[in-house]
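Computed from heavy atoms alone, side chains included, the values below leave out hydrogens, waters and symmetry copies. Lettering of chains follows the sequences in order, A, B, ..., and the numbering in each one begins at 1.
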There are 2 protein chains.
Amino acid sequence: MDDPRAEIALLLRRLNVELDAVAARFAELHGLGRTDVRALVAIMDAARRGQALTAGALGSAVELSSASVTALVDRLERVGHVRRVRDPEDRRRVALEISDSAMSAGAEFFGGLQRDLVAVMGDFDEAELAVVRRFLQEATGVVAGHARASGPPVC
Amino acid sequence: MDDPRAEIALLLRRLNVELDAVAARFAELHGLGRTDVRALVAIMDAARRGQALTAGALGSAVELSSASVTALVDRLERVGHVRRVRDPEDRRRVALEISDSAMSAGAEFFGGLQRDLVAVMGDFDEAELAVVRRFLQEATGVVAGHARASGPPVC
DNA sequence: CCTACTGTCTCGAACATCGAGATGATCGCC
DNA sequence: GGCGATCATCTCGATGTTCGAGACAGTAGG
């Protein structure tokens, strides 16, 4: 089994398992469910891009029905991780704002991971990182194809 | 944001999201839950290594209580994906055997993904694949550290 | 003002998971 | 052989998450 191809595919799966485990650990540490963590990450990512997520947008981001989103936001709001804020322009909408405590908790946890990952990258020069980046891009594209239709344009 | 480091970290996260989506798609296609898919994968991996998983081992593999494992195996057995088989040597144990239909369904779905991934690797030469492999190994190690203790040996 | 439409929330039911305890099979020791 | 300890599994009641259907504001256009 010298073939690096099979080993790389295996590594990708293992990496996926470990990343899930990281999310699970964060969830357990803060008394949250997995869905709650995914939602929190989605809201934080949106906030990082400068736009606040609405309840509906969060629902489609994490593939949840509107009823589940309401329950989800209820849980998150009850423990003080997010706030509901009525959009003054369209008063039907409810924007979701992350509390500072949740933001810093997330930054501490995932920021530490990011820091370690960057440290790993220190072992690679620019050309090598470019190779890694290209591989990850192509691999992500292929995986995304399988995620949306069981048979991508490949036949 | 030319820094390839931040972009690679982002790509890893996106890859994780897409891989989860693949699992979710497989689950939906076969009328299963996410836990069921994880369990099926664990059983298949064990079978691929030549050893049949017991119910207890499955429970610790997917971090589930014994009660949940019973319900899980019930569901899987009801739809014909696994069989309960008493271990003749230690008759307390119940080994789990995957049915051929489930095995071939999994092989078709994930095998197709693997095939496409290998095709992607065709765009890389041996030296580049070695770089990718080394990166994935180190990254997995770092992530695994964060998965088990929020603060790895780094201080 | 009335209608169509959108975004969010409430209600009831289904399902997965858990903790505690019961059952059955096996092992070690006397 | 017999008896308690141990291990793997199953049953039961309770909790929490999810969904579908429908109710309740709010908006846009005639």
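Proximity of A/Ser68 to the phosphate of D/dC19: a side-chain N or O atom is located under 4.0 Å from OP1 or OP2. A close approach under 4.0 Å does occur between a side-chain nitrogen or oxygen of A/Thr35 and OP1 or OP2 of D/dT18. Put simply, A/Thr54 has a side-chain N or O that comes within less than 4.0 Å of OP1 or OP2 on C/dT8. OP1 or OP2 of C/dA16 lies within a sub-4.0 Å distance of a side-chain N or O belonging to B/Arg75. Between B/Arg84 and the phosphate of D/dC10, there is a side-chain N or O to OP1/OP2 separation shorter than 4.0 Å.
Looking at B/Glu28, its side chain never comes within 3.5 Å of a backbone N or O of B/Arg25 through a donor-acceptor pair.
In this structure, CD of A/Glu63 is placed 13 Å from P of D/dT18, rounded to the nearest angstrom. Atom-to-atom, CD of A/Glu89 to P of D/dA25 comes out at 23 Å; the value is rounded to the nearest Å. Rounded to an integer number of Å, the gap from B/Arg34 CZ to D/dC19 P is 10 Å. One can place CZ of A/Arg93 at 18 Å from C1' of D/dC24, the figure rounded to the nearest angstrom. C/dT17 atom P lies 11 Å from atom CG of B/Leu76, rounded to whole Å. With rounding to whole Å, A/Asp74 atom CG is found 12 Å from D/dT17 atom C1'. Spacing between atom CD of B/Glu28 and atom P of D/dC19 amounts to 10 Å, rounded to whole angstrom units. Here the C1' atom of nucleotide C/dT17 and the CG atom of B/Leu64 are 7 Å apart, to the nearest Å.
A cation-pi contact, defined as under 6.0 Å to the ring centre and within 45° of the axis, links B/Arg134 to A/Phe124.
A salt bridge links B/Arg5 to A/Glu126: one of the charged nitrogens lies within less than 4.0 Å of a carboxylate oxygen. With respect to B/Arg13 and A/Asp45, a salt bridge is recorded, a charged nitrogen being found less than 4.0 Å from a carboxylate O.
Among the heavy atoms of the strands lying under 4.0 Å from A/Ala67 is at least one base atom, whether or not backbone atoms are also near. Across all strands, A/Leu72 comes closer than 4.0 Å to no nucleic acid atom at all (heavy-atom distances).
Distance from the side chain of A/Ser65 is smallest to D/dG20 among C/dC9, D/dT9, D/dG20. Residue A/Arg92 has its side chain nearest to D/dA25 when only D/dA25, C/dT8, D/dA8 are considered. Closest contact between the side chain of B/Ala71 and the listed nucleotides C/dT17, D/dT27, D/dC10 involves C/dT17.
Side-chain to base pairing of A/Ser66 with D/dC19: no donor and acceptor N or O lie closer than 3.5 Å to each other.
Take the nearest nucleotide of DNA chain D for B/Arg86 and for A/Pro88: the residue whose nucleotide is more 5' is B/Arg86.
Using the six-membered ring where Trp is involved, A/Phe110 and A/Phe26 have ring planes that are tilted, between 30° and 60° apart.
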